[in-house]
J.: 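Before I ask anything, here is the structure I am working with.
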Amino acid sequence: QVQLVESGGGLVLAGASLKLSCAASGRTFRRYAMGWFRQAPGKEREFVAAISGSGENKYYADSVKGRFTISRDSAKNTVYLQMNSLKPEDTAVYYCAAGVAPAVRGRDYDYWGQGTQVTVSS
């Protein structure tokens, strides 16, 4: 079992930056690919970014490409999501997830965190 805890969310103005963290505990962190998803009120959960276990392969949704960066630090058992140029439409609860391979479908991940709220005001 892998336990995931997100942090770093908050309330910011449009154009600002935030860096989310997802700390993992339990099984070996390096074995898992990691993904970030988000869900806004009234919307379906959507894929944001993913990274392979090695950290060599990264994937992004078109809506965040060029603004968000996913990374991982195996020594700290942590995955990050650097979010720049935030827009009101980025407002959502952000979740991190762990799975056997990076994927855009939530169903392909085995473990999920509780989420952290990101609110961007105009």
J.: Would you say Phe68 and Tyr80 are hydrophobically clustered, going by side-chain heavy atoms of ILVMFWY under 4.5 Å?
T.: no
J.: Hey, would you say the Phe37 and Tyr109 ring centroids sit under 6.0 Å apart?
T.: yes
J.: Where the side chain of Glu6 meets the backbone of Gln114, is there a donor-acceptor pair that is under 3.5 Å apart?
T.: yes
J.: For the side chain of Ser52 and the backbone of Asn57, is there at least one donor-acceptor N/O pair under 3.5 Å apart?
T.: yes
J.: Show the numbers, then the answer: is there a side chain to side chain contact (heavy atoms under 4.5 Å, CB included) between Gln117 and Thr91?
T.: CA-CA 8 Å; Gln117 177 71 48; Thr91 295; 4.1 Å; yes
J.: Begin from the C-alpha positions of Val48 and Met83 and carry the test side chain to side chain contact (heavy atoms under 4.5 Å, CB included) through to its verdict.
T.: CA-CA 11 Å; Val48 176; Met83 306 184 295; over 6 Å; no
J.: Could you grab the distance from atom OG of Ser122 to atom CG of Leu13, nearest 0.5 Å is fine?
T.: 8.5 Å
J.: Are any side-chain N or O atoms of Gln82 and backbone N or O atoms of Lys19, one a donor and one an acceptor, separated by less than 3.5 Å?
T.: no
J.: Does Tyr95 belong to the same Ile/Leu/Val/Met/Phe/Trp/Tyr cluster as Tyr60, with side-chain heavy atoms less than 4.5 Å apart forming each link?
T.: no
J.: I would like to know whether Ser17 and Asn84 meet side chain to side chain contact (heavy atoms under 4.5 Å, CB included); could you show each step before the answer?
T.: CA-CA 4 Å; Ser17 297; Asn84 298 327; 2.9 Å; yes
J.: Measuring from Leu81:CG to Thr69:OG1, what's the distance to the nearest 0.5 Å?
T.: 8.0 Å
J.: Is it true that Tyr32 and Phe47 fall in one hydrophobic cluster, defined by side-chain heavy atoms closer than 4.5 Å?
T.: no
J.: Which is it for Tyr59 and Val104 under the side chain to side chain contact (heavy atoms under 4.5 Å, CB included) test, yes or no, and what are the steps along the way?
T.: CA-CA 9 Å; Tyr59 310 89; Val104 300; 5.7 Å; no
J.: What distance do Glu44 atom CD and Gln39 atom CD have between them, rounded to the nearest 0.5 Å?
T.: 7.0 Å
J.: Starting at CG of Leu20, measure out to CH2 of Trp36 and round the result to the nearest 0.5 Å.
T.: 4.5 Å
